[in-house]
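Taking it in order: structure first as structure tokens, then the write-up.
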Amino acid sequence: MTDPNKKQIILAAYVGGVNEHTLWEAPGAGSQIEFDTFRHVAQTAERGKFDYFFLAEGLAVRQHGDDFFDHDIVGRPDTLPVLASIAAVTEHIGLVGTINSTFNEPFELAREFASLDHLSGGRAGWNVVTSFDAFTGANFRKGGYLDRDQRYQRAEETVRTVKELWDSWPEDAIVADKASGTFIRDASVGAFEHHGQQFDISGRFTVPRSPQGRPVIVQAGVSPDGRNFAAANADLIFSPFRDREAAAAFHADINKRVVKWGRQRGDVKIVPSVNFVLADSTAEAREKEAEIRQQTFTPKTVRVLAEQIWNRDLSDFDLESEIPPVEPDLESGRFVNGRTYHTDRNTDVAQLREYSQAHGGLGLRDVFIATRGRSDFVGTPAEVAQALDDFVQEDASDGFVVGNSVVPSGLDEFVDSVVPLLQERGSLREDYDGTTLRSNLGIPVPERGSTTPAIYA
Amino acid sequence: MADHRIIVAAALDGAGWHPAAWREPSSQPDRLYSPDYWLDRVREAEEGGLDFVTFEDNFALQSSDRRGPDTATDEVRGRLDARLIASRVAPVTDHIGLIPVVNTTLTEPFHVSKAIATLDFTSSGRAGVQARVASRAEEYSHIGRHDAPTVDSSSSGPAELSVTEVGAKFEQAAEEVDAIRRLWDSWEDDAEIRDVATDRFIDADKLHTIDFEASTFSIRGPSITPRSPQGQPVVAALAHAGTPYRFAARATDLVFVTPTADNAAEILSAVRTAEAEVRREGDELKVIADLVVLLDASDSNGTEVGGADPNSTGPDESAAVRLERLDSLGRPLAEATEARIVVGSASEVADVVEELAAAGYDGVRLRPGVLTDDLPLIANQLAPELRDRGLTRSTYPQDASLRELVGLPAAPPSRYAGETGQNSPAPASAL
Ligand SMILES: Cc1cc2nc3c(=O)[nH]c(=O)nc-3n(C[C@H](O)[C@H](O)[C@H](O)COP(=O)(O)O)c2cc1C
């Protein structure tokens, strides 16, 4: 039974593949591209009454130096076609797709998400990301390099314009009265006009208003601009903060901004990306988790991660035994491309050195194993269920985007063993109440024509 | 009796190709945006053993005026993204090819390439794309790109693109399709190796940048999506004149043309001339005649046959009477379509198809006048008639890809196979 006195945990299922946390080497690891993989994860998540199924996006094959990544999962299908196909084999679960706002136009985005919303009976959501680099831009006719401080200006105007397009058809625009021969109420249906800094467009939108009116807006990005953008425009944030303290600080910070932008505390839900490891005993789970870290940090993975931090070729160093005794390259363009990096190189290197020295001169690989890539929730199903519940009830987040190191079967044990315990605790629905993503999340349909505050006036 | 098998396809759009189709008793105008409506239509076509269906799309709202938006309120308006409709039906259909129309002028080739490759995965090798050149001014004003052509100021009323400008867009379209195809080839078939011993998920030598330099754009690649089951999904285009024929001859596998009762041979030879002009290599274009069809609801013996909705207008209404009645409701069909309209019994329509086959056409794409009446009639009456005449195969071959269904070589190898390092593109030949 859901407990009215407890926050309901939002759960999303994530098909991994963007980073080293997915173990393609694991026995039982399936395809990262065949539809069966996506179907399996989505149907498993729906069995677990998850709120939504989630896909990330990448628009360029990653490179270090001149080499394509080959040690890590490479290649993925296109986000929205997969979600439209998943809509055919699921009924309730939301379908959230990551789509970049720099390399797509508002008219296309509005058409595609409104279409997905129709084709899924109101289950569509858009995770707005803002990658803007020239490396990715080289795959696009228009290029697409944006100044860093312009990416959210474009994103904000994109989202605002998309909402205008979604609102351009009134709910009752389609009359479809065979007897009188009136199909649409009047000839101005869909008319729009947007003249702004980024876009100067007008005409008639082609997709009738979709079941949710406006698909759900999700954001992922942690800079101050990213936080303001989310606080003003998003329904949900996909957050990287998985550590309890950092997550709670982020949750508090976002809610402060939400209020500042004239919305209500809690209007923007926050869901960090997390991993879990389950076993029958705590000790066994810890052991399994340590093993996963050993498997994660293959020599090549260590090298590419290090090259990303140092921003230079490190093939001359033995990363098993040392921390490269060179300084990061702060001058050159990016050595590792197609991955976000937002911390300070000097600080990161200093921390690695410090940790190594404090632990008897550990090599870089062991430092990574000790400090990175930890699974967040490790233990018996009961321990994990309790930890997840506490995390949410104590306002470190509003739920989780659950990943797993083995695709696609890894989610099964979570759904089989943890989900029933969360339901018992009264923090997770036993069945879906409605049919739309908004109804899953408890987010009302915004009034047609309502506006969100502009952070770039 | 025919010496070769022909392609039979259906073009799906709204309630059908007659402007008043949505007013028929069988029509479901309030379901045109629901997934089940589309799934039902595709399954009907699949039951008829058709080779593929196409899904119309346009960045501009439907209009009775080619030059711009109209003020009509009595015709269907609004559409869903065709790529996503095709993706929505893909996992729940089994055999039929799925060809969405995509505006290749205004959609990034990188996006088109991965969307269709993904449809090829979710449909297990049944994907294609009908490349559409944006020819209406509103399409450009909806996107608002700076590269939109200026519009013909001599035309009165809403803007229409001038012929030269559209010509330039066809030139560009050939390059766009070339880029899409190169991206499909940018991963070789067996690039994914998952070799634990050497810690390699892929063999990086089997991924290729395309470094494609077209006249107005460049694209680096490789694609983010691995090579799909067909390798090269099927590319089609609709074409009505020399410039579009040359575009098709340069870029596509199939071309939909619109011969009248009198000029079928002429149009076919114009397409062949275009192929020679652009020095097309490899397989000849498959030339497919578009026909708008309205079928009699009873067979030649006058007995009622299944398929049409029982609430429909009754077995005694001939297709000709039906057309007359629909035409009287508003804009007549003849004003709404550039394709030949064929009205009659299944055997009369089959005669027309057979004549086209005899004239050298590779097939027909049928545009049902009323989707909910004429598509079931195509599936249940016309398709068996064509089978009986030996014009089409009797069942779907097992696990056939769309390429195989339309007679293209299955799974061609990547053009980059065996190459390592950078690939320089072939210079683009002029239209
Ligand atoms: C949890 C999380 C997930 C992200 N997922 C994607 C993704 O799938 N695709 C992508 O292109 N960018 C992704 N990003 C990158 C962000 O959208 C954004 O481009 C980047 O974080 C820069 O924004 P910021 O400066 O506000 O952090 C993700 C970021 C975060 C924090």
Mind checking the [atom1]-[atom2] spacing from [X] to [Y]? Nearest 0.5 Å is all I need.
{"X": "A:Phe107", "Y": "B:Glu139", "atom1": "CZ", "atom2": "CD", "result": "8.5 Å"}
{"X": "A:Thr206", "Y": "B:Asn58", "atom1": "OG1", "atom2": "CG", "result": "8.0 Å"}
{"X": "A:Asp70", "Y": "B:Arg200", "atom1": "CG", "atom2": "CZ", "result": "6.5 Å"}
{"X": "B:Ile224", "Y": "A:Arg62", "atom1": "CD1", "atom2": "CZ", "result": "7.5 Å"}
{"X": "A:Phe68", "Y": "B:His208", "atom1": "CZ", "atom2": "NE2", "result": "8.5 Å"}
{"X": "B:Arg23", "Y": "A:Phe183", "atom1": "CZ", "atom2": "CZ", "result": "12.0 Å"}

Of the listed residues ([options]), which shares the most heavy-atom pairs with chain B below a 4.5 Å separation?
{"options": "A:Thr182, A:Asp200, A:Ile86, A:Thr79", "result": "A:Thr182"}
{"options": "A:Leu83, A:Asp72, A:Leu165, A:Val82", "result": "A:Asp72"}
{"options": "A:Ala187, A:Ser85, A:Pro77", "result": "A:Ser85"}
{"options": "A:Ser188, A:Gly203, A:Gly181", "result": "A:Gly181"}
{"options": "A:Arg39, A:His71, A:Gln32", "result": "A:His71"}
{"options": "A:Val207, A:Val74, A:Asp67", "result": "A:Val74"}

Give the member of [options] that has the highest number of heavy-atom pairs under 4.5 Å with chain A.
{"options": "B:Ala90, B:Ser27, B:Ser228", "value": "B:Ser27"}
{"options": "B:Phe217, B:Phe59, B:Tyr37, B:Phe201", "value": "B:Phe201"}
{"options": "B:Asn103, B:Asp74, B:Val89", "value": "B:Asp74"}
{"options": "B:Thr118, B:Asp70, B:Asp203", "value": "B:Thr118"}

Least distance between heavy atoms, [X] atom then [Y] atom:
{"X": "A:Phe35", "Y": "B:Pro91", "answer": "CE2-CB, 3.6 Å"}
{"X": "B:Pro29", "Y": "A:Ala176", "answer": "CB-CB, 3.7 Å"}
{"X": "A:Glu108", "Y": "B:Thr107", "answer": "OE2-CG2, 3.7 Å"}
{"X": "A:Pro208", "Y": "B:Arg79", "answer": "CD-N, 4.2 Å"}
{"X": "A:Ile33", "Y": "B:Glu192", "answer": "CG2-OE1, 4.4 Å"}

Check each atom of [X] against the heavy atoms of chain A and say whether the ones under 4.5 Å are side chain, backbone, both or neither.
{"X": "B:Ser223", "answer": "backbone"}
{"X": "B:Leu329", "answer": "neither"}
{"X": "B:Ala117", "answer": "neither"}
{"X": "B:Leu32", "answer": "side chain"}
{"X": "B:Asp57", "answer": "side chain"}
{"X": "B:Ala191", "answer": "neither"}
{"X": "B:Val76", "answer": "both"}
{"X": "B:Thr122", "answer": "both"}

Derivation and outcome, side chain to side chain contact (heavy atoms under 4.5 Å, CB included), residues B:Ile143 and A:Ile201: CA-CA 6 Å; B:Ile143 295 295; A:Ile201 59 174; 5.9 Å; no
Is there a side-chain contact between [X] and [Y] in this structure, where contact means two heavy atoms from C-beta onward sitting under 4.5 Å apart?
{"X": "B:Pro222", "Y": "A:Val61", "result": "yes"}
{"X": "B:Glu175", "Y": "A:Arg141", "result": "no"}
{"X": "A:Trp169", "Y": "B:Arg77", "result": "yes"}
{"X": "A:Phe140", "Y": "B:Phe110", "result": "yes"}
{"X": "A:Leu59", "Y": "B:His111", "result": "yes"}
{"X": "A:Ile174", "Y": "B:Asp30", "result": "no"}
{"X": "A:His118", "Y": "B:Leu84", "result": "no"}
{"X": "B:Val196", "Y": "A:Trp24", "result": "yes"}

For [X], is it the side chain, the backbone, both, or neither that has a heavy atom closer than 4.5 Å to a heavy atom of chain B?
{"X": "A:Val189", "result": "backbone"}
{"X": "A:Gln63", "result": "side chain"}
{"X": "A:Asn139", "result": "both"}
{"X": "A:Ala179", "result": "backbone"}
{"X": "A:Phe205", "result": "backbone"}
{"X": "A:Phe113", "result": "neither"}
{"X": "A:Asp177", "result": "backbone"}
{"X": "A:Ala138", "result": "both"}

With a 6.0 Å cut-off (strictly less than), is the heavy-atom count around [atom1] of [X], excluding the residue itself, greater than 12?
{"X": "A:Asp66", "atom1": "CG", "value": "no"}
{"X": "A:Glu25", "atom1": "CD", "value": "yes"}
{"X": "A:Gln197", "atom1": "CD", "value": "no"}

Does any N or O in the side chain of B:Arg88 come within less than 3.5 Å of the main-chain N or O of A:Leu119, such that one atom is a donor and the other an acceptor? yes
List the steps, then state whether side chain to side chain contact (heavy atoms under 4.5 Å, CB included) holds for A:Leu116 with B:Asp81. CA-CA 8 Å; A:Leu116 178 64; B:Asp81 184 296; over 6 Å; no
Could you walk me through whether B:Asp199 and A:Arg303 pass salt bridge (charged side-chain N to carboxylate O under 4.0 Å, His left out), step by step? CA-CA 12 Å; B:Asp199 195 12; A:Arg303 186 177 138 204; over 6 Å; no
Going through the distances and angles, do A:Glu112 and B:Arg83 end up as a side chain to side chain contact (heavy atoms under 4.5 Å, CB included)? CA-CA 9 Å; A:Glu112 291 168 18; B:Arg83 283 169 298 182; 2.9 Å; yes
